[in-house]
Amino acid sequence: MRKSSDRNLFYDNENASQNTIKDTDVYDLLLKIPAGKVSTYGDLAKALGNPLASRQVGRILGRNPNPIKVPCHRVVMSDGKVGGYFYGSDRKKELLEKEGISFTDESVNNFMEIRIQADELVI
DNA sequence: GCCATGGCTAGTA
DNA sequence: GCCATGGCTAGTA
């Protein structure tokens, strides 16, 4: 649905905003992030053709189907902060640290180096 | 309305 | 910190 604030968009692609994101697409993409790397909610959204839908991606990960098979913990915020996790962000950090990622405070170290961006995720 | 986000702006140090 | 985004969900009628 188009809103009055849409005039603020940089791009004006009629198709972009009617592309709803499917849970299964998100989970498929997650499998492309190897241990030791991270991606962001926005990158996933962008890779799925809906760059503004980062928040939906978060919600989809939130009602996590299968925390064991699906590496939700490898998705962080666009500024390198940990972001949310069903079992709490401390648990999320632990999992990432186990994969070789370190933090200062709530932020991933060497974010630029280990981040997988949207174009690397596109199928 | 809510939300596991994002990005921009003001304004501090 | 503020506000825009977009789709889902709870819960009313």
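Letters A, B, ... mirror the listed sequences (proteins, then strands); counts begin at 1. Keep in mind that what you see is a predicted model, and the values were worked out from it rather than measured.
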For the pair [X] and [Y], find out whether any cationic side-chain nitrogen is under 4.0 Å from an anionic carboxylate oxygen.
{"X": "A/Lys46", "Y": "A/Asp119", "result": "no"}
{"X": "A/Glu99", "Y": "A/Arg74", "result": "yes"}
{"X": "A/Glu106", "Y": "A/Lys93", "result": "yes"}

Q | Under-4.0 Å side-chain N/O to phosphate OP1/OP2 contact, A/Ser54 with B/dT5 | A | no
Q) Between A/Thr20 and C/dG6, does any side-chain N or O lie under 4.0 Å from OP1 or OP2? A)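 So the side-chain polar atoms of A/Thr20 never come under 4.0 Å of the phosphate oxygens OP1 or OP2 of C/dG6.
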Q) Starting at the 5' end of DNA chain C, which residue's closest nucleotide do you reach first, A/Arg55 or A/Arg59? A)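 Looking at DNA chain C, the more 5' nearest nucleotide goes with A/Arg55.
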To the nearest angstrom, how far is [X] atom [atom1] from [N] atom [atom2]?
{"X": "A/Leu61", "N": "B/dT5", "atom1": "CG", "atom2": "P", "result": "10 Å"}
{"X": "A/Arg115", "N": "B/dT5", "atom1": "CZ", "atom2": "P", "result": "15 Å"}
{"X": "A/Ile60", "N": "C/dG7", "atom1": "CD1", "atom2": "C1'", "result": "9 Å"}
{"X": "A/Asp23", "N": "C/dG7", "atom1": "CG", "atom2": "P", "result": "12 Å"}
{"X": "A/Asn50", "N": "B/dG6", "atom1": "CG", "atom2": "P", "result": "13 Å"}
{"X": "A/Tyr41", "N": "C/dA4", "atom1": "OH", "atom2": "P", "result": "23 Å"}
{"X": "A/Asp79", "N": "B/dG7", "atom1": "CG", "atom2": "P", "result": "9 Å"}
{"X": "A/Leu44", "N": "C/dG6", "atom1": "CG", "atom2": "P", "result": "17 Å"}

Q | Mate of C/dG6 where both pairing distances stay under 3.5 Å, Watson-Crick or G-U | A |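 C/dG6 is paired, partner B/dC3.
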Q. Who is the Watson-Crick or G-U wobble partner of C/dG11, with both distances under 3.5 Å?
A. none
Q) Say you draw a straight line from OG1 of A/Thr40 to CD1 of A/Ile33; how long is it, rounded to the nearest 0.5 Å? A)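 Between atom OG1 of A/Thr40 and atom CD1 of A/Ile33 there are 9.0 Å.
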(Q) salt bridge (Lys or Arg N to Asp or Glu O under 4.0 Å), that's the test. Do A/Arg115 and A/Asp43 meet it? Break it down for me. (A) CA-CA 10 Å; A/Arg115 174 183 185 177; A/Asp43 283 324; 2.9 Å; yes
Q) So, does the side chain of A/Gln56 form a donor-acceptor pair with the base of C/dG6 at under 3.5 Å? A)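 Indeed there is one.
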Q. Ignoring hydrogens and angles, are the base of B/dA4 and the side chain of A/Tyr85 linked by a donor-acceptor pair under 3.5 Å?
A.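 Flag unset: no donor-acceptor pair detected.
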Q.
Within the 4.0 Å heavy-atom criterion, would you say A/Gly42 contacts the bases, only the backbone, or no part of the nucleic acid?
A.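 Counting heavy atoms under 4.0 Å across all strands, the contact made by A/Gly42 is with sugar-phosphate only.
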Q. Side chain of A/Arg63: nearest nucleotide among C/dG6, B/dG6, C/dC8?
A.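 From the listed options, C/dC8 comes nearest.
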